[in-house]
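Throughout, protein chains are lettered first and strands after them, A, B, ... in sequence-line order, and every chain is numbered starting at 1.
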Amino acid sequence: MLANDENRAQLRVRMAPSPTGPLHIGTARTSLYNYLTARHRGGTFVLRIEDTDVARSTTDFERDIIEGLHWLGITWDEGPQVAGGEDIGRYAPYRQSQRLDRYAAEAERLLADGNAYRCYCTSDELEAVRRKQEANHEPPRYSGRCRNLGDAERNAFEAEGRQGAIRFIVPPETVSWDDLVRGEVEFDNALLGDFVIVRADGSPLYNFTVVVDDAEMQISEVIRGEDHISNTPKQIALYRALGYPLPRFGHIPLILNPDRTKMSKRKSQTAMDEYRRQGYLPEALVNFLAFLGWSPGTEEEIFSLDELAERFELGKVHKGGAIFDKDRLDYLNGVYIRSLSDEQLALRLRPFLPDAAADQTVVRLVPLLKERLVRLGDAGELVGFLFETDATVASWYDGEDLVPKKREAADAASALRIVRDELSPLTDADWAADLLESRCRGIAERMGWKPGDLFKPMRVAITGRSVSPPLFGSMELVGREHCLRRMDDALAKLSGVGVGA
RNA sequence: GCCCCCAUCGUCUAGAGGCCUAGGACGCCACCCUUUCAAGGUGGAGAUCAGGGGUUCGAAUCCCCUUGGGGGCACCA
(Lines give C-alpha, C1' and ligand atoms only; values in the text may rest on other atoms or scores of the structure.)
Protein backbone atom coordinates (compact mmCIF):
# COMPACT_ATOMS: atom_id res chain seq x y z
CA MET A 1 0.00 0.00 0.00
CA LEU A 2 2.68 2.38 1.03
CA ALA A 3 4.81 1.39 -1.89
CA ASN A 4 1.95 2.01 -4.21
CA ASP A 5 1.29 5.46 -2.79
CA GLU A 6 4.90 6.33 -3.24
CA ASN A 7 4.69 5.20 -6.80
CA ARG A 8 1.69 7.35 -7.42
CA ALA A 9 3.42 10.34 -5.95
CA GLN A 10 6.09 9.88 -8.60
CA LEU A 11 5.36 11.74 -11.78
CA ARG A 12 5.02 9.40 -14.71
CA VAL A 13 4.02 10.67 -18.13
CA ARG A 14 3.90 8.98 -21.44
CA MET A 15 3.68 9.39 -25.17
CA ALA A 16 1.76 6.77 -27.06
CA PRO A 17 2.11 7.21 -30.80
CA SER A 18 0.64 4.76 -33.23
CA PRO A 19 2.95 3.74 -36.06
CA THR A 20 0.39 4.25 -38.79
CA GLY A 21 2.31 7.09 -40.39
CA PRO A 22 5.60 8.97 -40.18
CA LEU A 23 6.34 11.10 -37.12
CA HIS A 24 3.86 13.96 -37.24
CA ILE A 25 4.77 17.46 -36.14
CA GLY A 26 1.91 17.35 -33.66
CA THR A 27 3.09 14.07 -32.19
CA ALA A 28 6.55 15.55 -31.87
CA ARG A 29 5.18 18.54 -29.99
CA THR A 30 3.08 16.43 -27.65
CA SER A 31 6.11 14.25 -27.04
CA LEU A 32 8.15 17.34 -26.32
CA TYR A 33 5.64 18.63 -23.78
CA ASN A 34 5.59 15.26 -22.06
CA TYR A 35 9.36 15.08 -22.11
CA LEU A 36 9.74 18.59 -20.74
CA THR A 37 7.21 17.93 -18.01
CA ALA A 38 9.05 14.79 -16.95
CA ARG A 39 12.45 16.46 -16.98
CA HIS A 40 11.24 19.60 -15.27
CA ARG A 41 9.77 17.69 -12.39
CA GLY A 42 12.18 14.81 -12.19
CA GLY A 43 9.60 12.33 -13.39
CA THR A 44 9.66 9.37 -15.70
CA PHE A 45 8.86 9.56 -19.40
CA VAL A 46 7.48 6.45 -21.04
CA LEU A 47 7.16 5.70 -24.74
CA ARG A 48 4.51 3.19 -25.69
CA ILE A 49 3.77 2.08 -29.22
CA GLU A 50 0.06 1.77 -29.90
CA ASP A 51 0.02 -0.69 -32.74
CA THR A 52 -3.28 -2.42 -32.18
CA ASP A 53 -4.42 -1.39 -35.63
CA VAL A 54 -2.44 -4.14 -37.28
CA ALA A 55 -3.63 -3.31 -40.73
CA ARG A 56 -2.14 0.17 -40.67
CA SER A 57 0.87 -0.19 -38.37
CA THR A 58 4.33 -0.87 -39.72
CA THR A 59 7.83 -1.10 -38.26
CA ASP A 60 8.99 1.41 -40.84
CA PHE A 61 6.72 3.99 -39.30
CA GLU A 62 7.78 2.90 -35.85
CA ARG A 63 11.36 3.49 -36.90
CA ASP A 64 10.54 6.89 -38.34
CA ILE A 65 8.88 7.91 -35.10
CA ILE A 66 11.57 6.65 -32.77
CA GLU A 67 14.41 8.02 -34.86
CA GLY A 68 12.65 11.31 -35.32
CA LEU A 69 12.19 11.78 -31.60
CA HIS A 70 15.79 10.86 -30.94
CA TRP A 71 16.88 13.29 -33.62
CA LEU A 72 15.04 16.05 -31.78
CA GLY A 73 16.95 15.12 -28.66
CA ILE A 74 13.93 13.65 -26.89
CA THR A 75 14.75 10.63 -24.78
CA TRP A 76 12.57 8.35 -22.72
CA ASP A 77 13.21 6.31 -19.64
CA GLU A 78 11.03 3.37 -20.52
CA GLY A 79 9.96 1.90 -23.82
CA PRO A 80 11.55 0.67 -27.02
CA GLN A 81 14.70 2.61 -27.79
CA VAL A 82 15.08 1.28 -31.28
CA ALA A 83 12.46 0.25 -33.79
CA GLY A 84 11.81 -3.44 -33.44
CA GLY A 85 14.33 -3.52 -30.59
CA GLU A 86 14.28 -4.54 -26.95
CA ASP A 87 12.26 -2.60 -24.43
CA ILE A 88 13.71 -0.91 -21.40
CA GLY A 89 11.59 -0.56 -18.28
CA ARG A 90 9.79 -2.59 -15.66
CA TYR A 91 6.41 -2.54 -17.40
CA ALA A 92 7.65 -4.08 -20.63
CA PRO A 93 6.56 -4.90 -23.20
CA TYR A 94 5.74 -1.39 -24.40
CA ARG A 95 4.17 -2.34 -27.71
CA GLN A 96 0.47 -2.98 -27.49
CA SER A 97 0.69 -5.76 -30.03
CA GLN A 98 2.71 -7.63 -27.40
CA ARG A 99 0.27 -6.97 -24.60
CA LEU A 100 -2.80 -8.60 -26.06
CA ASP A 101 -3.18 -11.09 -23.23
CA ARG A 102 -3.61 -8.29 -20.73
CA TYR A 103 -6.40 -6.67 -22.69
CA ALA A 104 -8.11 -10.02 -23.12
CA ALA A 105 -7.95 -10.65 -19.39
CA GLU A 106 -9.32 -7.23 -18.54
CA ALA A 107 -12.09 -7.58 -21.08
CA GLU A 108 -13.04 -10.88 -19.50
CA ARG A 109 -13.12 -9.21 -16.12
CA LEU A 110 -15.43 -6.50 -17.43
CA LEU A 111 -17.66 -9.17 -18.93
CA ALA A 112 -17.71 -11.18 -15.71
CA ASP A 113 -18.49 -8.12 -13.60
CA GLY A 114 -21.40 -7.25 -15.82
CA ASN A 115 -19.70 -4.06 -17.07
CA ALA A 116 -19.56 -5.23 -20.65
CA TYR A 117 -21.44 -7.50 -23.02
CA ARG A 118 -21.20 -9.07 -26.41
CA CYS A 119 -22.87 -7.26 -29.26
CA TYR A 120 -23.81 -9.00 -32.48
CA CYS A 121 -25.03 -6.05 -34.48
CA THR A 122 -23.64 -5.74 -37.98
CA SER A 123 -22.13 -2.54 -39.25
CA ASP A 124 -25.09 -2.10 -41.59
CA GLU A 125 -27.52 -2.30 -38.71
CA LEU A 126 -25.45 0.14 -36.72
CA GLU A 127 -25.26 2.51 -39.63
CA ALA A 128 -29.03 2.49 -40.09
CA VAL A 129 -29.64 3.39 -36.46
CA ARG A 130 -27.08 6.18 -36.58
CA ARG A 131 -28.75 7.71 -39.61
CA LYS A 132 -32.12 7.63 -37.95
CA GLN A 133 -30.78 9.29 -34.84
CA GLU A 134 -29.21 12.02 -36.84
CA ALA A 135 -32.47 12.62 -38.68
CA ASN A 136 -34.19 12.95 -35.32
CA HIS A 137 -31.56 15.37 -34.08
CA GLU A 138 -30.50 12.98 -31.40
CA PRO A 139 -26.90 12.31 -30.39
CA PRO A 140 -25.65 9.34 -32.38
CA ARG A 141 -25.04 6.50 -29.96
CA TYR A 142 -25.41 2.77 -29.73
CA SER A 143 -28.98 1.75 -28.92
CA GLY A 144 -28.05 -0.91 -26.42
CA ARG A 145 -29.89 -3.50 -28.43
CA CYS A 146 -27.61 -6.37 -27.46
CA ARG A 147 -27.23 -5.34 -23.84
CA ASN A 148 -29.93 -7.62 -22.54
CA LEU A 149 -29.78 -10.50 -24.94
CA GLY A 150 -31.15 -13.78 -23.61
CA ASP A 151 -29.17 -16.99 -23.88
CA ALA A 152 -31.37 -18.19 -26.68
CA GLU A 153 -30.77 -15.11 -28.82
CA ARG A 154 -27.09 -15.15 -28.09
CA ASN A 155 -26.83 -18.79 -29.05
CA ALA A 156 -28.78 -18.13 -32.19
CA PHE A 157 -26.32 -15.41 -33.24
CA GLU A 158 -23.32 -17.56 -32.44
CA ALA A 159 -24.84 -20.47 -34.32
CA GLU A 160 -25.17 -18.09 -37.24
CA GLY A 161 -21.45 -17.65 -37.07
CA ARG A 162 -21.56 -14.09 -35.75
CA GLN A 163 -18.56 -13.41 -33.53
CA GLY A 164 -19.74 -10.58 -31.35
CA ALA A 165 -17.77 -7.51 -30.37
CA ILE A 166 -17.48 -6.52 -26.72
CA ARG A 167 -19.19 -3.33 -25.65
CA PHE A 168 -18.56 -1.48 -22.43
CA ILE A 169 -21.62 -0.37 -20.49
CA VAL A 170 -21.32 3.36 -19.98
CA PRO A 171 -22.92 4.45 -16.70
CA PRO A 172 -25.30 7.35 -17.44
CA GLU A 173 -23.69 9.89 -15.16
CA THR A 174 -21.98 13.21 -15.42
CA VAL A 175 -18.22 12.95 -15.22
CA SER A 176 -15.83 15.80 -14.74
CA TRP A 177 -12.13 16.22 -14.26
CA ASP A 178 -9.76 19.00 -13.41
CA ASP A 179 -7.81 19.32 -16.61
CA LEU A 180 -4.16 20.29 -16.20
CA VAL A 181 -4.45 22.97 -18.88
CA ARG A 182 -8.16 23.77 -19.08
CA GLY A 183 -9.41 23.44 -15.54
CA GLU A 184 -12.79 21.91 -14.83
CA VAL A 185 -14.27 20.00 -17.78
CA GLU A 186 -17.66 18.35 -17.57
CA PHE A 187 -19.42 15.82 -19.73
CA ASP A 188 -22.70 13.96 -19.50
CA ASN A 189 -22.01 10.32 -20.24
CA ALA A 190 -25.72 9.72 -20.71
CA LEU A 191 -25.06 11.14 -24.16
CA LEU A 192 -22.73 8.26 -24.86
CA GLY A 193 -23.76 4.85 -26.10
CA ASP A 194 -22.02 1.66 -25.01
CA PHE A 195 -18.83 1.67 -27.04
CA VAL A 196 -16.90 -1.23 -28.45
CA ILE A 197 -13.72 -2.15 -26.59
CA VAL A 198 -12.90 -5.38 -28.43
CA ARG A 199 -13.62 -6.04 -32.06
CA ALA A 200 -15.51 -9.11 -33.20
CA ASP A 201 -12.18 -10.54 -34.32
CA GLY A 202 -10.91 -10.24 -30.77
CA SER A 203 -8.56 -7.29 -31.22
CA PRO A 204 -8.84 -4.56 -28.57
CA LEU A 205 -9.59 -0.93 -29.37
CA TYR A 206 -7.84 2.29 -28.44
CA ASN A 207 -10.06 3.67 -25.68
CA PHE A 208 -9.74 0.39 -23.86
CA THR A 209 -6.06 -0.34 -24.36
CA VAL A 210 -4.91 3.15 -23.31
CA VAL A 211 -6.70 2.78 -20.02
CA VAL A 212 -5.38 -0.69 -19.32
CA ASP A 213 -1.83 0.35 -20.18
CA ASP A 214 -1.80 3.76 -18.55
CA ALA A 215 -3.10 2.16 -15.38
CA GLU A 216 -0.66 -0.70 -15.39
CA MET A 217 2.25 1.57 -16.27
CA GLN A 218 1.28 3.81 -13.36
CA ILE A 219 0.93 6.87 -15.55
CA SER A 220 0.11 9.78 -13.27
CA GLU A 221 -0.51 12.48 -15.86
CA VAL A 222 -1.90 11.93 -19.29
CA ILE A 223 -0.75 14.81 -21.48
CA ARG A 224 -2.15 14.65 -24.97
CA GLY A 225 -3.76 16.66 -27.74
CA GLU A 226 -7.04 18.48 -27.42
CA ASP A 227 -8.56 16.09 -29.91
CA HIS A 228 -8.68 13.56 -27.08
CA ILE A 229 -10.91 15.60 -24.79
CA SER A 230 -13.99 13.76 -25.91
CA ASN A 231 -12.33 10.40 -25.26
CA THR A 232 -11.61 11.31 -21.68
CA PRO A 233 -15.12 10.73 -20.24
CA LYS A 234 -15.19 7.28 -21.82
CA GLN A 235 -11.82 6.46 -20.38
CA ILE A 236 -12.72 7.74 -16.95
CA ALA A 237 -15.73 5.43 -16.96
CA LEU A 238 -13.43 2.57 -17.88
CA TYR A 239 -10.96 3.44 -15.12
CA ARG A 240 -13.80 3.30 -12.62
CA ALA A 241 -15.27 0.05 -13.87
CA LEU A 242 -11.83 -1.53 -13.81
CA GLY A 243 -11.14 -0.20 -10.34
CA TYR A 244 -8.00 1.72 -11.35
CA PRO A 245 -6.94 4.98 -9.72
CA LEU A 246 -7.49 7.93 -12.03
CA PRO A 247 -4.55 9.82 -13.51
CA ARG A 248 -4.68 13.56 -14.08
CA PHE A 249 -5.45 14.66 -17.62
CA GLY A 250 -4.02 17.59 -19.52
CA HIS A 251 -5.16 18.48 -23.02
CA ILE A 252 -2.84 20.69 -24.97
CA PRO A 253 -3.99 22.86 -27.85
CA LEU A 254 -3.73 21.68 -31.42
CA ILE A 255 -1.24 22.87 -34.02
CA LEU A 256 -3.19 24.43 -36.84
CA ASN A 257 -3.03 24.86 -40.61
CA PRO A 258 -2.98 28.49 -41.76
CA ASP A 259 -6.77 28.24 -42.12
CA ARG A 260 -7.07 27.33 -38.44
CA THR A 261 -8.12 23.75 -38.95
CA LYS A 262 -6.21 20.92 -37.31
CA MET A 263 -2.79 20.65 -38.93
CA SER A 264 -2.97 18.09 -41.67
CA LYS A 265 -0.79 16.49 -44.28
CA ARG A 266 -3.10 17.84 -46.94
CA LYS A 267 -2.57 21.48 -46.05
CA SER A 268 0.79 21.56 -44.32
CA GLN A 269 4.04 19.73 -44.15
CA THR A 270 3.44 17.45 -41.19
CA ALA A 271 6.15 14.82 -41.49
CA MET A 272 9.01 15.60 -39.14
CA ASP A 273 11.48 13.86 -41.39
CA GLU A 274 10.71 16.27 -44.20
CA TYR A 275 11.97 19.11 -42.03
CA ARG A 276 15.14 17.20 -41.26
CA ARG A 277 15.74 16.54 -44.92
CA GLN A 278 15.30 20.19 -45.78
CA GLY A 279 17.94 21.12 -43.29
CA TYR A 280 16.09 22.39 -40.29
CA LEU A 281 18.10 21.97 -37.12
CA PRO A 282 16.55 19.93 -34.33
CA GLU A 283 17.40 22.75 -31.93
CA ALA A 284 15.33 25.18 -33.98
CA LEU A 285 12.42 22.80 -34.30
CA VAL A 286 12.38 22.09 -30.59
CA ASN A 287 12.53 25.76 -29.73
CA PHE A 288 9.82 26.56 -32.24
CA LEU A 289 7.52 23.71 -31.22
CA ALA A 290 7.84 24.51 -27.53
CA PHE A 291 6.52 28.01 -28.17
CA LEU A 292 3.51 26.79 -30.08
CA GLY A 293 1.19 27.00 -27.12
CA TRP A 294 3.55 27.91 -24.36
CA SER A 295 5.82 30.73 -23.33
CA PRO A 296 8.00 31.26 -20.28
CA GLY A 297 6.14 34.48 -19.56
CA THR A 298 9.13 36.63 -20.35
CA GLU A 299 10.43 38.14 -23.54
CA GLU A 300 13.18 35.58 -23.96
CA GLU A 301 12.67 33.35 -26.92
CA ILE A 302 15.78 31.35 -27.65
CA PHE A 303 15.93 28.22 -25.54
CA SER A 304 17.82 24.96 -25.75
CA LEU A 305 16.12 21.70 -24.85
CA ASP A 306 17.71 21.75 -21.41
CA GLU A 307 16.74 25.35 -20.81
CA LEU A 308 13.20 24.53 -21.82
CA ALA A 309 13.15 21.61 -19.41
CA GLU A 310 14.21 24.01 -16.71
CA ARG A 311 11.40 26.45 -17.40
CA PHE A 312 8.55 24.47 -18.86
CA GLU A 313 5.31 24.32 -16.92
CA LEU A 314 2.21 22.65 -18.21
CA GLY A 315 0.12 25.13 -16.25
CA LYS A 316 1.31 27.93 -18.51
CA VAL A 317 0.21 26.17 -21.67
CA HIS A 318 -2.48 27.95 -23.64
CA LYS A 319 -5.94 26.73 -24.33
CA GLY A 320 -6.22 28.04 -27.87
CA GLY A 321 -4.66 26.39 -30.91
CA ALA A 322 -1.62 27.84 -32.67
CA ILE A 323 -0.97 28.15 -36.36
CA PHE A 324 2.28 26.62 -37.57
CA ASP A 325 4.10 29.73 -38.79
CA LYS A 326 6.76 28.64 -41.25
CA ASP A 327 8.31 32.10 -41.44
CA ARG A 328 9.03 32.01 -37.78
CA LEU A 329 10.55 28.56 -37.99
CA ASP A 330 12.78 29.76 -40.82
CA TYR A 331 13.88 32.71 -38.74
CA LEU A 332 14.70 30.52 -35.77
CA ASN A 333 16.56 28.07 -37.96
CA GLY A 334 18.71 30.94 -39.21
CA VAL A 335 19.40 32.02 -35.67
CA TYR A 336 20.56 28.54 -34.75
CA ILE A 337 22.65 28.16 -37.88
CA ARG A 338 24.43 31.41 -37.18
CA SER A 339 25.05 30.39 -33.60
CA LEU A 340 27.03 27.36 -34.73
CA SER A 341 30.81 27.52 -34.97
CA ASP A 342 32.24 27.19 -38.48
CA GLU A 343 33.44 23.70 -37.67
CA GLN A 344 30.09 22.57 -36.33
CA LEU A 345 28.25 24.04 -39.27
CA ALA A 346 30.61 22.41 -41.73
CA LEU A 347 29.92 19.08 -40.09
CA ARG A 348 26.18 19.50 -40.34
CA LEU A 349 26.42 20.78 -43.87
CA ARG A 350 28.32 17.79 -45.20
CA PRO A 351 25.27 15.64 -46.04
CA PHE A 352 23.66 18.51 -47.88
CA LEU A 353 26.51 19.31 -50.22
CA PRO A 354 27.50 17.54 -53.43
CA ASP A 355 30.13 14.85 -53.13
CA ALA A 356 32.51 17.10 -54.99
CA ALA A 357 32.79 19.19 -51.86
CA ALA A 358 35.74 17.73 -50.05
CA ASP A 359 35.73 18.28 -46.32
CA GLN A 360 38.41 20.91 -46.68
CA THR A 361 36.29 22.95 -49.02
CA VAL A 362 33.26 22.70 -46.78
CA VAL A 363 35.08 24.34 -43.90
CA ARG A 364 36.31 27.16 -46.11
CA LEU A 365 32.83 27.49 -47.53
CA VAL A 366 31.11 28.09 -44.25
CA PRO A 367 32.03 31.74 -43.73
CA LEU A 368 30.61 32.49 -47.16
CA LEU A 369 27.16 31.16 -46.51
CA LYS A 370 26.65 31.11 -42.79
CA GLU A 371 24.86 34.44 -42.75
CA ARG A 372 22.59 33.63 -45.64
CA LEU A 373 21.48 30.12 -44.90
CA VAL A 374 17.89 29.55 -43.88
CA ARG A 375 18.03 25.77 -44.12
CA LEU A 376 21.06 23.56 -44.49
CA GLY A 377 19.48 22.18 -47.63
CA ASP A 378 19.76 25.57 -49.30
CA ALA A 379 23.54 25.39 -49.23
CA GLY A 380 23.86 23.44 -52.45
CA GLU A 381 21.93 26.05 -54.33
CA LEU A 382 23.91 28.88 -52.81
CA VAL A 383 27.36 27.56 -53.59
CA GLY A 384 26.60 25.24 -56.47
CA PHE A 385 28.77 27.32 -58.76
CA LEU A 386 31.82 26.05 -56.90
CA PHE A 387 31.19 22.52 -58.01
CA GLU A 388 30.11 23.11 -61.57
CA THR A 389 32.36 22.14 -64.41
CA ASP A 390 33.45 25.00 -66.61
CA ALA A 391 31.62 23.48 -69.53
CA THR A 392 28.32 23.97 -67.73
CA VAL A 393 29.44 27.33 -66.56
CA ALA A 394 29.61 28.68 -70.06
CA SER A 395 25.91 28.16 -70.45
CA TRP A 396 25.19 30.41 -67.47
CA TYR A 397 25.87 33.68 -69.10
CA ASP A 398 23.42 35.61 -71.09
CA GLY A 399 24.93 38.86 -72.26
CA GLU A 400 22.34 40.89 -70.43
CA ASP A 401 23.13 39.76 -66.92
CA LEU A 402 26.81 40.51 -67.31
CA VAL A 403 26.15 44.16 -67.92
CA PRO A 404 25.66 46.49 -64.95
CA LYS A 405 22.76 48.86 -65.04
CA LYS A 406 23.35 52.00 -67.07
CA ARG A 407 26.40 50.53 -68.79
CA GLU A 408 26.90 49.20 -72.27
CA ALA A 409 27.88 45.65 -73.06
CA ALA A 410 31.10 46.98 -74.54
CA ASP A 411 31.94 48.66 -71.25
CA ALA A 412 31.34 45.46 -69.35
CA ALA A 413 33.52 43.58 -71.78
CA SER A 414 36.43 45.94 -71.57
CA ALA A 415 36.17 46.11 -67.80
CA LEU A 416 36.21 42.35 -67.57
CA ARG A 417 39.17 42.23 -69.94
CA ILE A 418 41.16 44.61 -67.77
CA VAL A 419 40.37 42.60 -64.66
CA ARG A 420 41.28 39.37 -66.38
CA ASP A 421 44.56 40.70 -67.64
CA GLU A 422 45.59 42.27 -64.37
CA LEU A 423 44.70 39.22 -62.35
CA SER A 424 46.14 36.55 -64.57
CA PRO A 425 49.79 37.11 -63.59
CA LEU A 426 48.94 36.31 -59.96
CA THR A 427 50.13 32.95 -58.72
CA ASP A 428 47.82 30.39 -57.20
CA ALA A 429 49.31 31.29 -53.85
CA ASP A 430 48.41 34.94 -54.32
CA TRP A 431 44.89 34.09 -55.29
CA ALA A 432 43.33 35.12 -51.99
CA ALA A 433 40.27 37.20 -51.23
CA ASP A 434 42.08 40.17 -49.70
CA LEU A 435 44.54 40.63 -52.51
CA LEU A 436 41.91 40.10 -55.18
CA GLU A 437 39.68 42.68 -53.61
CA SER A 438 42.35 45.36 -53.30
CA ARG A 439 43.42 44.79 -56.91
CA CYS A 440 39.89 45.04 -58.19
CA ARG A 441 39.10 48.09 -56.14
CA GLY A 442 42.18 49.65 -57.62
CA ILE A 443 40.98 48.87 -61.11
CA ALA A 444 37.57 50.34 -60.41
CA GLU A 445 39.14 53.49 -59.10
CA ARG A 446 41.38 53.89 -62.15
CA MET A 447 38.43 53.32 -64.43
CA GLY A 448 36.31 55.76 -62.50
CA TRP A 449 33.71 53.08 -61.90
CA LYS A 450 31.83 52.43 -58.72
CA PRO A 451 33.23 49.22 -57.27
CA GLY A 452 29.77 47.66 -57.39
CA ASP A 453 29.53 48.24 -61.13
CA LEU A 454 32.76 46.43 -61.73
CA PHE A 455 31.92 43.59 -59.38
CA LYS A 456 28.65 42.84 -61.10
CA PRO A 457 30.02 41.41 -64.35
CA MET A 458 32.71 39.65 -62.38
CA ARG A 459 30.15 38.10 -60.07
CA VAL A 460 28.07 36.83 -62.93
CA ALA A 461 31.16 35.56 -64.74
CA ILE A 462 32.47 33.68 -61.73
CA THR A 463 29.27 32.49 -60.07
CA GLY A 464 26.83 32.51 -62.92
CA ARG A 465 24.33 34.65 -61.10
CA SER A 466 23.88 38.20 -59.96
CA VAL A 467 23.13 37.13 -56.42
CA SER A 468 25.90 35.19 -54.80
CA PRO A 469 28.05 34.83 -51.71
CA PRO A 470 30.75 37.50 -51.34
CA LEU A 471 32.64 37.77 -54.59
CA PHE A 472 36.27 37.60 -53.54
CA GLY A 473 35.84 34.77 -51.12
CA SER A 474 34.04 32.91 -53.86
CA MET A 475 36.88 33.62 -56.28
CA GLU A 476 39.38 32.29 -53.82
CA LEU A 477 37.48 29.03 -53.54
CA VAL A 478 36.85 28.69 -57.25
CA GLY A 479 40.56 29.13 -57.79
CA ARG A 480 42.68 31.06 -60.20
CA GLU A 481 42.48 28.78 -63.18
CA HIS A 482 38.72 28.40 -63.22
CA CYS A 483 38.12 32.06 -62.50
CA LEU A 484 40.22 33.10 -65.45
CA ARG A 485 38.54 30.61 -67.71
CA ARG A 486 35.08 31.71 -66.60
CA MET A 487 35.97 35.31 -67.28
CA ASP A 488 37.18 34.29 -70.73
CA ASP A 489 33.90 32.50 -71.33
CA ALA A 490 31.95 35.53 -70.23
CA LEU A 491 34.04 37.71 -72.50
CA ALA A 492 33.30 35.41 -75.41
CA LYS A 493 29.65 35.52 -74.57
CA LEU A 494 29.66 39.30 -74.45
CA SER A 495 31.28 39.58 -77.85
CA GLY A 496 29.08 36.82 -79.21
CA VAL A 497 26.10 39.00 -78.50
CA GLY A 498 27.62 41.27 -81.03
CA VAL A 499 28.08 44.34 -78.92
CA GLY A 500 31.70 45.22 -78.84
CA ALA A 501 34.85 43.66 -77.36
C1' G B 1 -27.37 17.31 -36.13
C1' C B 2 -25.45 16.28 -30.95
C1' C B 3 -21.54 17.17 -27.32
C1' C B 4 -17.07 19.50 -25.76
C1' C B 5 -13.37 23.24 -26.10
C1' C B 6 -11.46 28.01 -27.47
C1' A B 7 -11.20 33.64 -28.55
C1' U B 8 -4.99 39.96 -27.34
C1' C B 9 -1.55 43.04 -33.84
C1' G B 10 -1.62 38.96 -40.36
C1' U B 11 1.26 35.03 -37.15
C1' C B 12 3.62 33.22 -32.33
C1' U B 13 2.84 35.54 -27.87
C1' A B 14 3.39 39.08 -22.78
C1' G B 15 -0.65 40.18 -19.79
C1' A B 16 -3.57 36.34 -13.61
C1' G B 17 -8.31 44.12 -11.54
C1' G B 18 -5.01 49.62 -11.42
C1' C B 19 2.28 49.20 -13.79
C1' C B 20 -1.72 48.85 -20.66
C1' U B 21 -2.66 55.74 -24.15
C1' A B 22 -1.65 46.82 -24.47
C1' G B 23 4.84 44.97 -24.44
C1' G B 24 8.15 41.51 -27.39
C1' A B 25 9.20 38.46 -31.65
C1' C B 26 8.20 36.78 -36.85
C1' G B 27 6.44 38.84 -41.25
C1' C B 28 5.78 43.71 -43.77
C1' C B 29 7.60 48.98 -45.00
C1' A B 30 11.47 52.68 -44.73
C1' C B 31 16.34 54.22 -43.71
C1' C B 32 21.57 52.97 -42.26
C1' C B 33 25.66 49.61 -43.18
C1' U B 34 27.19 47.35 -47.77
C1' U B 35 30.51 44.33 -53.86
C1' U B 36 24.97 41.44 -54.91
C1' C B 37 22.01 38.66 -51.51
C1' A B 38 21.83 37.99 -46.67
C1' A B 39 23.08 39.15 -41.69
C1' G B 40 23.18 43.39 -38.44
C1' G B 41 21.41 48.40 -36.76
C1' U B 42 17.54 52.24 -36.38
C1' G B 43 12.61 53.67 -37.08
C1' G B 44 7.48 52.74 -38.75
C1' A B 45 2.65 50.78 -39.97
C1' G B 46 -0.08 47.04 -37.49
C1' A B 47 -4.87 44.90 -31.78
C1' U B 48 -11.31 50.38 -29.89
C1' C B 49 -7.89 43.16 -26.29
C1' A B 50 -14.46 39.19 -31.26
C1' G B 51 -19.33 41.97 -29.91
C1' G B 52 -22.89 43.17 -26.08
C1' G B 53 -24.26 43.26 -21.17
C1' G B 54 -22.97 43.05 -16.08
C1' U B 55 -19.56 42.99 -11.24
C1' U B 56 -16.11 46.90 -9.48
C1' C B 57 -13.96 53.36 -7.62
C1' G B 58 -11.36 50.83 -11.74
C1' A B 59 -11.54 45.09 -16.58
C1' A B 60 -7.74 42.66 -21.92
C1' U B 61 -7.89 40.45 -17.07
C1' C B 62 -14.02 38.15 -13.08
C1' C B 63 -19.47 36.59 -14.53
C1' C B 64 -23.42 36.06 -18.32
C1' C B 65 -25.18 36.19 -23.32
C1' U B 66 -24.25 36.53 -28.53
C1' U B 67 -21.08 35.75 -32.54
C1' G B 68 -17.06 33.41 -34.63
C1' G B 69 -13.58 29.41 -34.81
C1' G B 70 -11.99 24.57 -33.67
C1' G B 71 -12.30 19.47 -31.98
C1' G B 72 -15.01 14.98 -31.25
C1' C B 73 -19.14 11.96 -32.26
C1' A B 74 -16.03 4.38 -35.69
C1' C B 75 -15.66 -2.96 -34.60
C1' C B 76 -9.17 4.44 -36.29
C1' A B 77 -5.72 6.22 -32.89
Less than 6.0 Å separating the ring centroids of [X] and [Y]?
X: His228(A); Y: Tyr206(A); result: yes
X: Tyr275(A); Y: Phe324(A); result: yes
X: Tyr280(A); Y: Tyr336(A); result: no

Between C1' of rC73(B) and CD of Glu138(A), the distance in whole Å: 14 Å
Spacing of Arg375(A) atom CZ relative to rA38(B) atom P, expressed in whole Å: 15 Å
Suppose we define a pair by two distances each less than 3.5 Å, Watson-Crick or G-U wobble; what does rG40(B) pair with here? rC32(B)
Now, which nucleotide makes the Watson-Crick or G-U wobble pair with rC26(B), with each of the two distances under 3.5 Å? rG10(B)
If you count every heavy atom of other residues, nucleotides or ligands that lies below 6.0 Å from Lys132(A) atom NZ, does the total exceed 12? no
Atom pairs, protein N/O to nucleotides 74-77 of chain B N/O, distance under 3.5 Å:
unit_1, atom_1, unit_2, atom_2, d
rC75(B), O2, Ala200(A), N, 3.0
rC75(B), N4, Cys121(A), O, 2.7
rC76(B), OP1, Arg199(A), NE, 3.3
rC76(B), OP2, Arg199(A), NE, 2.6
rC76(B), OP2, Arg199(A), NH2, 2.8
rC76(B), O2', Asp53(A), OD2, 2.6
rC76(B), O2', Arg56(A), NH2, 2.4
rA77(B), OP1, Thr52(A), OG1, 2.8
rA77(B), OP2, Tyr206(A), N, 2.9
rA77(B), O3', Glu50(A), OE1, 3.4
rA77(B), O2', Ser18(A), OG, 3.2
rA77(B), N6, Asn231(A), OD1, 3.2
rA77(B), N6, Asn231(A), ND2, 3.1
rA77(B), N1, Asn231(A), ND2, 3.2

Phosphate oxygens OP1/OP2 of rC73(B): is one of them under 4.0 Å from a side-chain N or O of Arg141(A)? no
Return no unless some side-chain N or O of Arg459(A) is found under 4.0 Å from OP1 or OP2 of rC37(B). no
Does Arg29(A) make a cation-pi contact with Tyr33(A), if we ask for NZ or CZ under 6.0 Å from the ring centre and within 45° of the axis? yes
